[in-house]
Structure formats: C-alpha cells, structure tokens
Amino acid sequence: MFCVAIDGPGGAGKSTVAKAAASRMDMQYVDTGAMFRAVAYALIRRGIDPEDEAAIKPVIGDLNVRVDYIDHKQIVSVEDVDVTPYIRTPEVGQGASKVGVHGCVREKLLAIQRQVAEDYSVIMDGRDIGTVVLPMADLKLFITASAEERAKRRYKELVAAGNTEADLATIEAEIRERDYRDSHRAIAPLKQADDAYLLDTTEMTLDEVIDKVCAMIEEARNR
Ligand code: DC
C-alpha cells in the first residue's frame with residue numbers, strides 16, 4: 001500500500017489538508033489524533049485523570065477502541081459507541097495530549113494505526129507518524145505554522161462557528177502548552193523525521209498548501 005505520513009503541531013491545518021488531499025488523490029485519510037482523543041474522552045467519562053498512568057494501565061487493555069472507514073470517513077468508537085461528535089472540545093484535546101505521554105496508550109493505538117496502513121492507501125496525520133508509526137512511508141511531510149498564526153486560525157474557526165466566548169490569548173496559551181508536552185515527552189515525541197519535507201504554512205493559503213501536497217504525492221507515486 002502507498003502511504004503518506006503527515007506530522008506537525010496542533011492547529012497547523014494538517015487534518016484539513018490531509019482530508020482534502022486524500023479525497024483528491026483517492027486515498028484514505030487517517031486521523032490518529034482522533035484515536036488519542038477517543039481514549040481521553042472515554043477515560044474522562046469514567047472519572048479517570050488522563051495524567052494518571054497507574055489508573056490507566058489496568059483499564060487500557062480492555063478498552064474496546066475501533067476505527068471504521070465508511071464512505072471514506074473515519075469513525076472512532078469506544079465500546080461500540082461512535083464518539084466522533086464528542087472529541088473535538090479543547091478539554092478532550094488537552095486530555096489527548098496528556099494520555100499520549102503514556103506508553104501503554106501509544107502501544108495500543110500503534111497496533112490499530114499500522115493495521116489501517118496495511119488495509120488502505122493512507123494519508124495519516126499525527127505527531128509520530130513519519131518517525132515511529134510508518135517509518136517506511138512513501139512520502140513524509142512536516143506541516144507547521146507559527147504558534148500565533150495557528151492560534152489566530154483556531155480563533156477564527158471558533159468565531160465562525162458562533163462561539164462567543166473564544167479568547168485568542170487562552171487559545172494561544174493552550175496551543176503552546178500542548179506543543180511543549182507533545183514535543184518533550186519521553187516516548188515518540190513530536191519531531192520532524194530526517195527524511196520529511198518541511199512545509200511552513202504561516203504565509204500560505206489553504207488552497208496553496210493542498211495543491212502543493214497533492215503535487216508532492218503525485219511525484220512520490222511516480223517515483
Ligand atoms: O491532532 P490532534 O490535535 O487531534 O491530537 C490531539 C493530541 O493527541 C495531541 O496533542 C497529542 C496526541 N497525539 C499523539 O500523541 N500522537 C499522535 N500520532 C496524534 C495525536
């Protein structure tokens with residue numbers, strides 16, 4: 001199977017770009033952040049602190065996390081309940097960054113991620129895809145933008161969605177906190193793979209990024 005690995009910090013637009021490119025290039029978009037979010041959501045619902053590894057270890061093995069691809073869309077379910085509608089909140093995002101520190105959680109999700117890449121031609125995005133999950137990917141991209149720009153984009157998105165309580169400074173502080181935790185953890189920290197192309201999108205429009213990524217995929221396919 002042909003596979004593309006996309007890594008980068010939160011809010012850089014990875015998922016929007018990967019989704020659009022996957023649809024144009026007839027590949028399957030795989031959102032690994034949603035898997036960490038699903039685990040965080042399930043733990044929070046059970047009253048377990050996402051930072052408490054000792055409490056997570058005994059339950060993670062039996063937690064039934066599944067991903068399905070229906071009409072090219074990824075559905076993540078926990079105990080057969082589709083959690084997709086509940087995992088995009090800032091609280092769950094921070095929780096996902098916290099559970100992502102634990103080896104027992106990463107190990108469980110790694111097996112699911114590798115299986116999906118065997119079943120489909122994927123564009124998979126996350127933090128450790130090019131470095132750990134799919135080190136043999138046909139194309140690796142590291143998509144980033146300045147923290148200020150990422151916060152601004154997220155703020156605009158929230159305001160457009162009718163959120164009147166969105167606060168730019170709070171959003172930027174959360175982005176920086178998540179960046180720090182994701183890049184400084186002991187296991188599979190966020191970093192650019194040696195053979196990944198760096199795409200800094202701070203000064204680019206979304207369409208420019210999507211066109212660039214599709215052109216790179218086309219080139220990698222013909223290599
Ligand atoms: O991409 P996202 O914002 O949905 O990811 C949420 C968190 O999940 C992110 O801050 C860190 C964690 N994560 C991870 O550790 N490894 C991945 N491959 C994807 C996400």
Side-chain angles (χ1 to χ4, degrees), residues 3-19 22 28-44 49-51 53 56 60 63 65 67 73-76 78 83-117 122-135 137 140-145 147 149-151 153-155 157-158 171-193 196 199 201:
C3 64
V4 177
I6 302 185
D7 292 300
K14 300 185 300 294
S15 65
T16 311
V17 171
K19 222 179 275 174
Q28 177 59 56
Y29 166 56
V30 179
D31 176 358
T32 64
M35 301 176 196
F36 286 89
R37 284 170 183 267
V39 169
Y41 174 74
L43 293 173
I44 295 167
D49 176 357
E51 286 187 287
E53 188 170 19
I56 296 170
I60 191 73
L63 199 67
V65 182
V67 291
K73 276 213 183 85
Q74 172 177 285
I75 308 290
V76 189
V78 181
V83 297
T84 315
Y86 316 117
I87 59 177
R88 296 303 315 173
T89 66
E91 185 200 6
V92 175
Q94 286 291 353
S97 171
K98 288 173 185 170
V99 296
V101 166
H102 311 310
C104 59
V105 174
R106 302 209 72 83
E107 222 172 277
K108 184 184 183 85
L109 299 182
L110 179 64
I112 298 174
Q113 292 155 5
R114 289 212 172 126
Q115 184 59 51
V116 175
V122 297
I123 302 185
M124 188 179 288
D125 82 355
R127 302 292 185 285
D128 59 339
I129 311 306
T131 49
V132 175
V133 181
L134 305 174
K140 297 182 189 178
L141 302 171
F142 192 87
I143 299 185
T144 189
E149 174 65 18
R150 284 183 280 134
R153 290 178 189 169
R154 182 92 192 101
Y155 175 77
E157 239 173 58
L158 289 171
I171 294 170
E172 189 176 329
E174 279 179 4
I175 280 186
R176 288 185 188 277
E177 186 189 332
R178 211 134 69 82
D179 282 358
Y180 186 87
R181 194 185 301 104
D182 294 349
S183 358
H184 288 83
R185 66 184 174 221
I187 309 167
L190 166 68
K191 67 167 188 253
Q192 186 181 340
L199 210 54
T201 70

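For ligands, and for the atoms within them, numbers begin at 1 and follow the listed sequence.
- A side chain to side chain donor-acceptor pair (under 3.5 Å) check over residues 4-18, counting only residues at least two apart or in different chains, returns nothing.
- To the nearest 0.5 Å, the span separating CD on Q74 from OG1 on T32 amounts to 8.5 Å.
- Ion pair E174/R178 not flagged as a salt bridge, since none of the NZ, NE, NH1 or NH2 atoms sits closer than 4.0 Å to an Asp/Glu carboxylate oxygen.
- Heavy-atom proximity to A96, at under 4.0 Å, picks out these atoms of ligand 1: 6 (C), 7 (C), 8 (O), 12 (C).
- Ligand 1 is never approached by Q113 to a heavy-atom distance shorter than 4.0 Å.
- Near R37, meaning under 4.0 Å from any of its heavy atoms, are these atoms of ligand 1: 2 (P), 3 (O), 4 (O), 6 (C).
- In terms of protein heavy-atom proximity, atom 19 (C) of ligand 1 is closest to T32 OG1, 3.3 Å.
- Residue contacts with ligand 1 for R181 are absent, since no atom lies close enough (heavy atoms, distance under 4.0 Å).
- Heavy atoms from other residues, nucleotides or ligands lying under 6.0 Å from NZ of K108 number more than 12.
- Annotation: atom 1 (O) of ligand 1 to nearest protein heavy atom, R127 NH1, 3.0 Å.
- Interface atoms of ligand 1 facing R178, defined by a heavy-atom separation under 4.0 Å, are 3 (O), 5 (O), 6 (C), 7 (C), 9 (C), 10 (O).
- In terms of protein heavy atoms, atom 13 (N) of ligand 1 is closest to F36 CD1, 3.7 Å.
- Remark: distances from the non-hydrogen atoms of R185 to ligand 1 include one below 4.0 Å.
- Salt bridge annotation for R153-E157: absent, with no cationic side-chain nitrogen under 4.0 angstrom from a carboxylate oxygen.
- Residue E107 places its CD atom among 12 or fewer non-hydrogen atoms of other residues, nucleotides or ligands, all under 6.0 Å distant.
- When only non-hydrogen protein atoms are considered, atom 16 (N) of ligand 1 lies nearest to R106 NH2, 2.9 Å.
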For residues 83-92, which side-chain donor-acceptor pairs fall under 3.5 Å, sequence neighbours excluded?
unit_1	atom_1	unit_2	atom_2	d
T84	OG1	D82	OD1	2.5
T89	OG1	V92	N	3.2

